[in-house]
Amino acid sequence: MEFAAAEDKSTGITSSDVSLQEPQIKKNARSSASFPFLKPNLSATSQQNFVKIIRRVCYQFKITPSIQQEDDISLDKSKHIIRELATELDRVVQWAEDVENIQTKQMDKQEKQQSSEQLSNSEIKLKKANKILSEWSWKLKEMKQNSVCLKGECKETLRSLHKQWKQGESSILPVMDWMVWTVLQSENSEDSVPRQWVRSKQRSKNAVGLRISNKVWNWITKSTADVILDPNTANPDLLVSEDGKKLRAKEYTGLDYWQGYQWKRSKFDGWTCVQAKEGYGTGRHYWEVGVRKKREWRVGVVKESAPRNGYVTMNTKTGYWNLRLQLGTLMALTEPVTKLDLPTPSKIGVYLDIEEGHVSFYDAEKGRHIYTFNVDFKETGIIYPVFGTVETDRALVISL
C-alpha cells in the first residue's frame with residue numbers, strides 16, 4: 001500500500017502528516033505515488049510531536065524506529081519511517097484479507113457439514129423406518145391365519161377408504177393407517193379396532209375435520225341413546241315439544257312467561273337452555289341434533305353439579321362441554337374459546353364415552369370429526385345432554 005503526500009496550503013501539513021496526527025480530518029480519497037514527496041515544514045515543537053506520533057505508530061505496528069532522540073529527525077529518516085509504515089500497513093491489509101478468506105472457507109465448511117448432518121438424519125430416519133417395517137413383517141408371520149380380518153371388517157373399511165381416496169376426499173394415508181391399526185391390534189374382538197381408532201385418532205389435536213371410515217362410524221352410532229328433553233329444567237322463554245324432541249325460543253306476545261316462576265337449582269333461568277331427562281354415569285351414548293339453517297345454537301353435555309342459574313360462564317371450567325354456533329362462528333367452549341375453521345354442519349352427532357373419558361362432536365351428514373373434549377368423568381357425577389337456542393323460527397330437533 002502506498003500513500004501520497006499532498007500539502008495543505010492553509011496549514012503547511014501534508015496529508016500523510018494529517019493521517020497520523022489528525023484522524024478526524026478526511027484524507028484524500030485517491031492516493032498515487034506520482035506525487036512528489038514534500039519536505040514537512042515543521043517547527044521544533046511540531047517536530048517533537050511528530051517524533052512522538054511516529055514512535056507510537058511504530059510501537060503499535062512493532063517497527064523498530066530509527067529515531068533515537070526527539071531532535072534526531074531528517075527528511076530521509078521521515079521518508080524511511082513512512083515507507084516502513086506503508087509496508088506494515090500492506091502487511092496488515094494482507095493479513096485482514098487472509099483472515100476474511102479463512103472465515104469464508106470455514107463458513108463454507110460449516111454449510112457442507114450441516115448438509116452432511118441433514119443427510120445423516122435422513123439416513124437415520126430411513127434406517128428406523130426399515131427397522132419398523134422389518135419388525136412388523138416378522139410379527140405378521142407369527143400371527144395365526146384368519147386372525148386379523150374379523151367378519152369382513154378390514155375389507156369393508158378398506159373399500160370405504162379407497163372410495164374416499166378415489167373421490168379426492170382423503171389421502172392414501174388413512175388406508176395405511178387403518179391397515180396398521182387392524183394388523184397390530186392386540187384385542188381379539190369385533191369392536192377392538194374401531195375403539196382403538198377412536199381412542200387414539202380423534203382425540204389428537206390434528207383430528208379437526210378428520211374423515212371417519214364407515215366401520216368406525218357404524219361402531220360409534222351403534223350406541224344410540226333415546227334423548228328426551230326435560231321441560232322442568234327449561235328456561236321459561238323456551239318452548240319444548242310434547243314428545244321432548246324439539247326446542248325453540250317462544251315468540252314475544254306480551255305475555256309474562258315468568259309469572260309464577262319458582263326458583264330451582266336444576267332450572268335454567270339465565271341462558272335459554274334445557275337438559276335431557278336422563279343422564280349417564282357409565283357406558284357409551286350417541287345422539288344427533290338437527291340444526292339445519294339455524295344461526296345460533298348450543299349442543300353438548302353438562303355435569304350434574306354445574307351451576308344453572310343466572311348468566312354463568314358455560315364452559316369446561318364450570319362443568320359444560322359444549323359446541324356452539326354464534327354469529328356464524330363455530331366454536332368449542334373451552335377456556336379460552338377454541339374457534340373451529342369448519343363449514344357449519346346441518347346435523348350434529350354427539351358421542352359420550354364415560355369410561356374412555358371424552359365427548360366428541362361430528363358432522364353427522366358428512367361423517368367428519370369436529371371436536372373432542374377429553375374429560376375425567378370419575379368425579380363429575382351424572383352427565384346430562386344439554387341444548388340451547390334463542391331462535392324462534394327454526395326449531396332445534398333431536399333426530400335420534
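Atom set for the values below is all heavy atoms of this structure, side chains included, hydrogens, waters and symmetry mates excluded. Only a predicted model underlies this, so the values are computations on that prediction, with no experimental measurement involved.
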A.B. asks: Is there a donor-acceptor pair under 3.5 Å between the side chain of N322 and the backbone N or O of R298?
C.D. replies: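 No, because the side chain of N322 does not come within donor-acceptor range (under 3.5 Å) of the backbone of R298.
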A.B. asks: Restricting to non-hydrogen atoms, name the atom on I348 and the atom on F361 that form the minimum distance, rounded to 0.1 Å.
C.D. replies: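 Smallest heavy-atom distance, with atoms named: CG2-CD2, 4.1 Å.
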A.B. asks: Are the side chain of E391 and the backbone of E296 linked by a donor-acceptor contact shorter than 3.5 Å?
C.D. replies: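 Pair found, side chain donor or acceptor close to backbone of E296.
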A.B. asks: Would you kindly say whether D230 and Q275 are connected by a side-chain donor-acceptor distance under 3.5 Å?
C.D. replies: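 No donor-acceptor contact under 3.5 Å links the two side chains.
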A.B. asks: Measuring only between side-chain heavy atoms, which start at C-beta, is W321 closer than 4.5 Å to T334?
C.D. replies: no
A.B. asks: Does N235 reach the side chain of W271, with side-chain heavy atoms less than 4.5 Å apart?
C.D. replies: no
A.B. asks: Kindly indicate whether the side chain of T233, heavy atoms from C-beta on, has any atom under 4.5 Å from the side chain of C273.
C.D. replies: no
A.B. asks: If you compare all heavy atoms of G367 against all heavy atoms of R211, which two are closest, and at what distance to 0.1 Å?
C.D. replies: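 The answer is O-CD, 3.6 Å.
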A.B. asks: Side chains of T318 and V312: closer than 4.5 Å at any heavy-atom pair?
C.D. replies: no
A.B. asks: Hey, does K267 have a side-chain heavy atom less than 4.5 Å from the side chain of R308?
C.D. replies: no
A.B. asks: Would you call R295 and R394 a side-chain contact if the rule is heavy atoms closer than 4.5 Å?
C.D. replies: yes
A.B. asks: With a 4.5 Å cut-off on side-chain heavy atoms, are W219 and R284 touching?
C.D. replies: yes
A.B. asks: Kindly write out the residues that satisfy side-chain contact (heavy atoms from CB on, under 4.5 Å) with E278, not counting sequence neighbours, or none if the list is empty.
C.D. replies: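 Y280.
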A.B. asks: If we count only N and O atoms by modelled type, under 3.5 Å, do the side chains of T392 and K250 hold a donor and an acceptor together?
C.D. replies: no
A.B. asks: Evaluate the side-chain proximity of T338 to Y371: yes if any heavy-atom separation is below 4.5 Å, no if none is.
C.D. replies: yes
A.B. asks: Are a donor atom and an acceptor atom from the side chains of S241 and D243 found within less than 3.5 Å of each other?
C.D. replies: yes
